[in-house]
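Reading through the structure tokens given below for one structure.
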There are 2 protein chains.
Amino acid sequence: MVKAADRAKDPARSSVWLEKRAARSGGGPAGLDRDRIVSTSIRMLDEEGLAKLSMRKLATELGVTAMSLYWYVDTKDDIIEFAMDSVYGEVDLAAVDAAGDWQERIRVLALEYRGMLVRHGWMSPTVGQYLNIGPNAIAFGRKIHEAIRDTGLSLDRQPSAMSAVFQFVYGYGTIESQFSRRAAEAGMSQDEFYVEAVKAFRDDPEFEKQAEGMKEILDERATHGSVTAVWDRDFAYALDVLVAGIEVMVAREAEAARDAEK
Amino acid sequence: MVKAADRAKDPARSSVWLEKRAARSGGGPAGLDRDRIVSTSIRMLDEEGLAKLSMRKLATELGVTAMSLYWYVDTKDDIIEFAMDSVYGEVDLAAVDAAGDWQERIRVLALEYRGMLVRHGWMSPTVGQYLNIGPNAIAFGRKIHEAIRDTGLSLDRQPSAMSAVFQFVYGYGTIESQFSRRAAEAGMSQDEFYVEAVKAFRDDPEFEKQAEGMKEILDERATHGSVTAVWDRDFAYALDVLVAGIEVMVAREAEAARDAEK
DNA sequence: GACTGTTCTCGTACACCGTACAAGGATCCT
DNA sequence: AGGATCCTTGTACGGTGTACGAGAACAGTC
């Protein structure tokens with residue numbers, strides 16, 4: 001029997017999902033199994049971050065040797081890809097269907113996506129690095145696709161509109177999880193960390209030079225509650241901008257169609 | 001004299017830029033110097049990617065030992081941060097000033113940013129991972145800030161609008177550079193790679209199930225020239241969406257102000 | 001119950017990584 | 001010429017992902 005490690009060492013293989021092969025069942029003495037490996041990985045990634053996860057540590061956590069993992073998985077990357085898709089599975093697709101018009105569905109999808117990125121800070125870098133073509137990622141992508149389709153935008157515009165929204169969410173979620181990671185590393189709450197950062201910024205002798213208009217914004221933000229509240233507000237507003245932009249484009253298309261009819 | 005390595009080993013230090021210290025001049029026998037280190041790093045990063053850059057390889061390229069680099073730099077991360085800021089310096093800020101209204105300035109900034117991310121594929125992951133507070137990054141940020149200010153949006157909305165645009169650009173540039181990296185790794189042109197990817201997708205037995213509306217989009221895109229042309233088109237359109245969205249918000253604020261006056 | 005083949009686990013080893021540390025060569029100032 | 005300072009190097013440590021082969025645990029057959 002071929003070992004997992006012998007499969008698919010083809011350097012052109014770019015994703016586990018392109019190498020369809022049944023998961024190894026865990027009948028062995030160590031009670032290992034792919035699901036257990038993946039869920040433990042996710043827990044460790046959430047707790048310690050991407051950089052801290054090593055095969056040896058993961059194996060130790062599972063009460064096993066590093067090399068044992070390679071029976072269930074070809075490479076460490078595979079584990080990451082499985083973990084990612086599992087996280088995509090957290091998205092509540094039923095909530096999307098329950099939402100009303102396309103505007104609302106886009107909002108729900110964006111919130112779900114953002115929540116996922118923030119809950120699992122290690123996802124941002126990996127989303128940008130791996131093909132996201134696991135079953136859950138694809139199911140999520142389909143829902144996005146459906147929502148955008150229902151805008152009524154012409155076919156050639158749909159991918160653009162879609163990326164405008166979801167690339168934004170990706171970037172926003174990345175920054176947000178970044179910030180919370182840094183706060184955690186500094187051992188502060190996000191609010192404390194924000195205060196510190198602003199103070200450091202204001203104390204910088206360069207600040208006056210480039211402060212034009214900055215000061216006012218910083219002051220304004222200080223009066224609006226916690227950091228997370230401001231983030232929620234900003235995110236919702238940016239979504240409004242995007243939805244409004246799409247609505248404008250839809251209206252323009254409709255207008256152009258009317259003109260053509262005349 | 002303290003060695004570079006002894007400075008700032010404080011784990012709370014989160015960026016080179018927070019550790020203001022003059023650069024070491026390169027009067028030594030190896031003719032080394034921080035600029036040479038950074039520019040060589042950028043070249044190697046462009047050619048080989050982030051994962052392939054190691055201190056030993058970089059040193060070899062410079063005709064020197066790995067440990068020599070540590071005279072000019074505290075850690076490998078510092079080199080990355082210097083390289084990043086140097087790349088931020090490529091942005092043509094004069095072109096931004098030459099542009100007309102805020103709409104046009106936002107477009108120019110977005111194009112510059114996107115170009116930077118695509119030219120240097122290793123930037124996307126690092127932008128998401130480091131504080132971007134080098135001089136060039138800050139100068140770039142200021143220009144963005146100024147453009148957004150000139151929309152006339154109220155202070156508390158400006159950061160949202162800004163992030164809607166530039167988080168989108170970040171996400172878009174990330175995907176794009178991702179794609180071109182994968183094509184290069186597979187030894188294909190981007191067009192060839194696209195054809196292969198679509199074929200693999202269509203051949204997938206799952207395809208029919210989830211194909212609703214996909215087929216048409218894929219076909220449509222095949223008729224619109226090269227992959228890069230489609231990307232340019234999509235990017236421009238998404239920017240239109242964003243600009244239109246901001247215009248709507250500006251108009252709504254103006255309207256609300258008029259109503260309040262009455 | 002013994003035998004055999006498959007399914008798992010492990011110990012060892014390799015090449016590579018970032019970098020701490022201390023020794024020493026090169027250069028400049030006095 | 002001597003000493004201080006600047007720069008480069010060799011060696012070593014503890015980490016990484018994972019290739020390879022030995023062997024333990026189990027299932028099925030006689």
Side-chain angles (χ1 to χ4, degrees), chain A residues 1-11 13 16 21-37 41 44-45 48-81 83 126 129, chain B residues 1-11 13 16 21-37 41 44-45 48-81 83 126 129:
Chain A
M1 176 85 204
V2 264
K3 299 194 70 166
D6 294 334
R7 301 183 249 139
K9 268 295 138 63
D10 174 9
R13 189 186 69 129
V16 224
R21 185 101 45 155
R24 245 79 182 213
S25 57
L32 220 50
D33 120 6
R34 187 193 278 171
D35 277 356
R36 226 158 76 70
I37 293 176
S41 302
M44 292 180 72
L45 285 165
E48 307 264 19
L50 189 59
K52 294 282 185 61
L53 184 74
S54 80
M55 295 299 270
R56 287 181 238 258
K57 276 190 221 143
L58 173 56
T60 304
E61 189 79 9
L62 286 160
V64 112
T65 322
M67 289 315 293
S68 296
L69 304 175
Y70 286 91
W71 181 254
Y72 301 91
V73 126
D74 285 356
T75 69
K76 186 188 177 188
D77 279 355
D78 288 4
I79 295 182
I80 306 284
E81 286 200 76
T126 56
Q129 208 157 2
Chain B
M1 175 84 202
V2 264
K3 300 193 70 168
D6 294 334
R7 303 183 246 139
K9 268 295 139 65
D10 175 8
R13 188 188 70 132
V16 225
R21 184 100 44 156
R24 246 79 183 215
S25 57
L32 221 50
D33 113 9
R34 188 193 278 170
D35 277 356
R36 227 158 75 69
I37 292 176
S41 302
M44 292 180 72
L45 286 165
E48 308 262 21
L50 189 58
K52 293 281 186 61
L53 184 74
S54 78
M55 295 299 271
R56 287 181 237 256
K57 275 191 221 144
L58 173 57
T60 304
E61 189 78 10
L62 287 160
V64 111
T65 320
M67 289 314 294
S68 297
L69 304 174
Y70 286 91
W71 181 254
Y72 300 92
V73 126
D74 286 356
T75 70
K76 186 189 179 189
D77 280 353
D78 288 6
I79 296 183
I80 307 284
E81 286 200 77
T126 55
Q129 207 157 0

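Letters A, B, ... mirror the listed sequences (proteins, then strands); counts begin at 1. Only this structure's heavy atoms are used, side chains among them; waters, hydrogens and symmetry mates stay out.
One finds the CG atom of A:Asp77 at 8.0 Å from the CD atom of A:Gln129 (value rounded to the nearest 0.5 Å). In this structure, the separation between CZ on B:Arg56 and CE on B:Met67 is 9.5 Å, given to the nearest 0.5 Å.
Contacts between residues 49-65 of chain A and DNA chain C, counted as heavy-atom distances below 4.0 Å, involve A:Arg56, A:Val64, A:Thr65.
Between D:dC7 and B:Ser68, no contact under 4.0 Å exists linking OP1 or OP2 to a side-chain N or O. A close approach under 4.0 Å does occur between a side-chain nitrogen or oxygen of A:Tyr72 and OP1 or OP2 of C:dT9. The phosphate of C:dC8 has OP1 or OP2 within less than 4.0 Å of a side-chain N or O from A:Trp71.
In this structure, the CE atom of A:Met67 is 11 Å from the C1' atom of C:dA13, given to the nearest Å. Going from atom CG of B:Asp74 over to atom P of C:dT19 covers 9 Å, rounded to whole Å. One interatomic measurement links the two molecules: CG of A:Leu32 to C1' of C:dT9, which rounds to 9 Å at whole-angstrom precision. For A:Asp77 and D:dT16, the CG to P distance is 16 Å, given to the nearest whole Å. Here the C1' atom of nucleotide D:dT16 and the CG atom of A:Leu69 are 14 Å apart, to the nearest Å. Between the NZ atom of B:Lys76 and the C1' atom of C:dC17 there is a distance of 8 Å, given to the nearest Å. Separating the CZ atom of B:Arg36 from the C1' atom of D:dC7 is a distance of 14 Å, rounded to the nearest angstrom.
Listed for the A:Lys52 side chain is no donor-acceptor partner under 3.5 Å among the backbone atoms of A:Lys57.
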Decide side-chain contact (heavy atoms from CB on, under 4.5 Å) for B:Leu32 and B:Leu62; before the verdict, give the C-alpha distance in whole Å, the side-chain angles of both, and the deciding distance to 0.1 Å. CA-CA 8 Å; B:Leu32 221 50; B:Leu62 287 160; 4.2 Å; yes
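B:Ile37 has its side chain out of reach of B:Val73: every pair of non-hydrogen atoms, C-beta onward, lies at least 4.5 Å apart.
Counting only residues at least two apart or in different chains, side-chain hydrogen bond (donor to acceptor under 3.5 Å, both in side chains) contacts with residues 58-67 of chain A comprise A:Arg43-A:Glu61.
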